[in-house]
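Since the structure comes first, as structure tokens, the remarks are kept for the end.
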Amino acid sequence: MPELPEVEVVRAGVEPAVTGAVVAGIEIFDERSLRRHDATAGSFGDLLVGRRILGAVRRGKFLWLPLDSGRALVIHLGMSGQVLLRSPGQTDDRHLRIRLAVEHTESDSPGPRELWLNFVDQRVFGSMSVDSMHPTSDGFAAGYSGRGEGEWTGLLPSQVSHIARDPLDPAFSDDLFRAGLRRKKTGIKRALLDQTLISGIGNIYADEALFAARLHYEQPTASLDGAQGDALLLALRSILHRALVEGGTSFDAQYVNVNGQSGYFAHSLEVYGRQGKPCSRCGAILVRQTFMNRGSHFCPACQVVDGAPVCDSATRFQAPS
DNA sequence: CGAAAGACCTGAGTGC
DNA sequence: TGCACTCAGGTCTTTC
């Protein structure tokens with residue numbers, strides 16, 4: 001599932017291929033992928049065709065391509081979205097929902113003059129849209145944009161405005177995050193998945209970071225002390241960074257980079273998908289519980305609340321598979 | 001108002 | 001072989 005590292009791999013792949021190019025045409029194969037497009041200002045195609053792409057920016061799991069019109073093409077991969085760079089005329093990918101034909105008109109462009117940017121999405125949880133841009137409230141860059149520069153770096157698409165900064169963002173405020181945790185009345189994992197508090201983290205990296213920080217997913221956020229908060233942030237940054245270096249986590253063909261290649265971080269997972277196997281730290285058998293309509297994976301011996309294991313009843317655990 | 005639950009999706013896997 | 005059912009989870013919407 002694309003979380004921050006996977007989306008960043010896509011951003012880094014798209015940026016050099018499309019920066020400076022003009023959108024020459026679009027094809028929409030499935031209108032559901034435009035669910036997040038607000039057509040008040042114009043149709044998706046009308047707002048896109050003829051516009052020049054200025055860069056590629058990411059905040060959390062949201063990706064956007066700023067346009068010379070002052071708007072941006074916003075891309076969210078959802079559960080199964082992919083952005084694939086193809087040569088014009090190439091056979092359609094399965095689950096192709098939207099295609100952009102882009103053309104480099106600059107004389108000094110190093111890559112191919114024309115290419116297709118295919119938005120492929122099996123489960124249709126992802127989307128593309130053209131959105132208006134607004135200055136960030138803190139005045140810092142809106143997200144990570146590689147070496148991009150221009151006024152657009154300080155502008156945020158309106159549908160991303162409620163998304164918090166991610167922990168790899170230099171403008172991420174540790175203090176703001178800790179204050180947010182103290183204010184909340186919920187468990188730590190639910191808070192990590194709340195993109196308005198901290199962005200970029202999904203089910204896999206939430207489980208991995210909580211394991212690294214030795215925290216149980218149901219520990220109340222308000223009860224975390226300073227050391228636990230620090231350990232959690234350290235774990236989050238370390239895991240996200242390592243996953244990024246390894247090209248993200250792939251279990252199947254549902255996540256690939258812009259060239260269709262898989263990442264390698266799945267080999268480095270300590271708890272996610274490892275229920276029934278021994279904990280690498282203490283040897284206890286790892287457990288999977290259903291939580292928030294998804295799986296929570298953890299070590300019942302070393303991920304505890306306030307020094308005491310939460311595994312009060314063995315019947316709460318699913319049998320190892 | 002915040003927290004939690006439900007809706008949206010499709011293909012792989014399972015049981016009969 | 002085929003059919004019904006379950007599971008995977010990010011985000012938006014609805015409900016409490």
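So that the names make sense, note that chain A is the first sequence line, chain B the second, and so on, each numbered from 1. As the structure is a prediction and not an experimental result, all values here were calculated from the model.
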Item checked: A/Tyr272, nearest nucleotide to its side chain (from B/dG11, C/dT11, C/dA8) -> C/dA8

Note to self: Does A/Arg123 contact C/dA8 through a side-chain donor or acceptor facing the base, at a distance under 3.5 Å?
What the structure shows: yes

Note to self: Is the phosphate of C/dC12 approached by A/His76 (side-chain N or O, under 4.0 Å from OP1 or OP2)?
What the structure shows: no

Note to self: From C-beta outward on A/Arg288, which listed nucleotide comes closest to its side chain: C/dA8, C/dT11, B/dC9?
What the structure shows: C/dA8

Notebook entry, point to check: Any side-chain N or O of A/Arg35 less than 4.0 Å from the OP1 or OP2 oxygen of C/dT11?
Noted result: no

Check: When we call it a touch if two heavy atoms are under 4.0 Å apart, what does A/Asp121 touch: a base, just sugar-phosphate, or nothing?
Finding: nothing

Note to self: Tell me the closest heavy-atom pair linking A/Glu8 and A/Tyr144, and the distance in Å.
What the structure shows: OE2-CE2, 3.3 Å

Margin query: Tell me the interatomic distance from A/Tyr205, atom OH, to C/dG10, atom C1', rounded to whole angstroms.
Written below: 15 Å

Check: Are A/Lys189 and A/Asp207 close enough, and set up right, to give a salt bridge (charged side-chain N to carboxylate O under 4.0 Å, His left out), and what steps lead you there?
Finding: CA-CA 8 Å; A/Lys189 181 167 177 182; A/Asp207 281 1; 2.7 Å; yes

Checklist line | Min side-chain heavy-atom separation A/Gln159-A/Trp64 under 4.5 Å | finding: no

Notebook entry, point to check: Whole-Å distance between B/dC9 C1' and A/Leu34 CG?
Noted result: 16 Å

Next item on the list: Check whether any side-chain nitrogen or oxygen of A/Arg190 sits under 4.0 Å from OP1 or OP2 of B/dA4, and answer yes or no.
Entry: yes

Note to self: Without decimals, in angstroms, what is the distance between A/Leu77 CG and B/dC8 P?
What the structure shows: 22 Å

Next item on the list: May I have the distance from A/Leu4 (atom CG) to C/dT11 (atom P), rounded to whole angstrom?
Entry: 11 Å

Next item on the list: For A/Arg294 and for A/Lys185, find the nucleotide of DNA chain B with the closest heavy atom, then tell me which residue's nucleotide is more 5'.
Entry: A/Lys185

Check: At under 4.0 Å between heavy atoms, what does A/Phe291 touch on the DNA or RNA strands: base, sugar-phosphate, or nothing?
Finding: nothing

Notebook entry, point to check: Salt bridge check: are A/Glu103 and A/Arg113 linked by an N-O gap of less than 4.0 Å?
Noted result: yes

Next item on the list: Find out whether A/Val57 and A/Arg11 are in side-chain contact, i.e. whether some heavy atom of one side chain is under 4.5 Å from a heavy atom of the other.
Entry: no

Notebook entry, point to check: Looking at side-chain heavy atoms only, is the closest gap between A/Asp121 and A/Ile98 below 4.5 Å?
Noted result: no

Checklist line | 5' precedence on DNA chain C between A/His162 and A/Asn203 (nearest-nucleotide basis) | finding: A/Asn203

Checklist line | Atom pair distance, as rounded to whole Å: CG in A/Leu193 and P in C/dT11 | finding: 9 Å

Next item on the list: Select base, sugar-phosphate, or nothing to describe what A/Gly295 touches, counting heavy atoms under 4.0 Å on all strands.
Entry: sugar-phosphate

Checklist line | Gap between atoms CZ and C1', on A/Arg36 and B/dC9 respectively (whole Å) | finding: 12 Å

Check: Should A/Gln195 be listed as having a side-chain N or O under 4.0 Å from OP1 or OP2 of C/dT11?
Finding: yes

Notebook entry, point to check: OP1 or OP2 of B/dT10 less than 4.0 angstrom from a side-chain nitrogen or oxygen of A/Arg32, does that happen here?
Noted result: yes

Check: For B/dG2, does OP1 or OP2 lie under 4.0 Å from any side-chain N or O of A/Thr186?
Finding: no

Next item on the list: Report yes if the ring of A/Phe125 lies under 5.5 Å from the six-membered base ring of C/dT11 with planes under 30°, and no otherwise.
Entry: no

Notebook entry, point to check: Rounded to whole angstrom units, what separation is found between the CD atom of A/Gln122 and the P atom of C/dG9?
Noted result: 14 Å

Notebook entry, point to check: Looking only at side-chain N and O atoms, does A/Lys184 come under 4.0 Å of OP1 or OP2 in B/dG2?
Noted result: no

Next item on the list: Nearest whole angstrom, please: distance from the C1' of B/dA7 to the CG of A/Asn293.
Entry: 11 Å

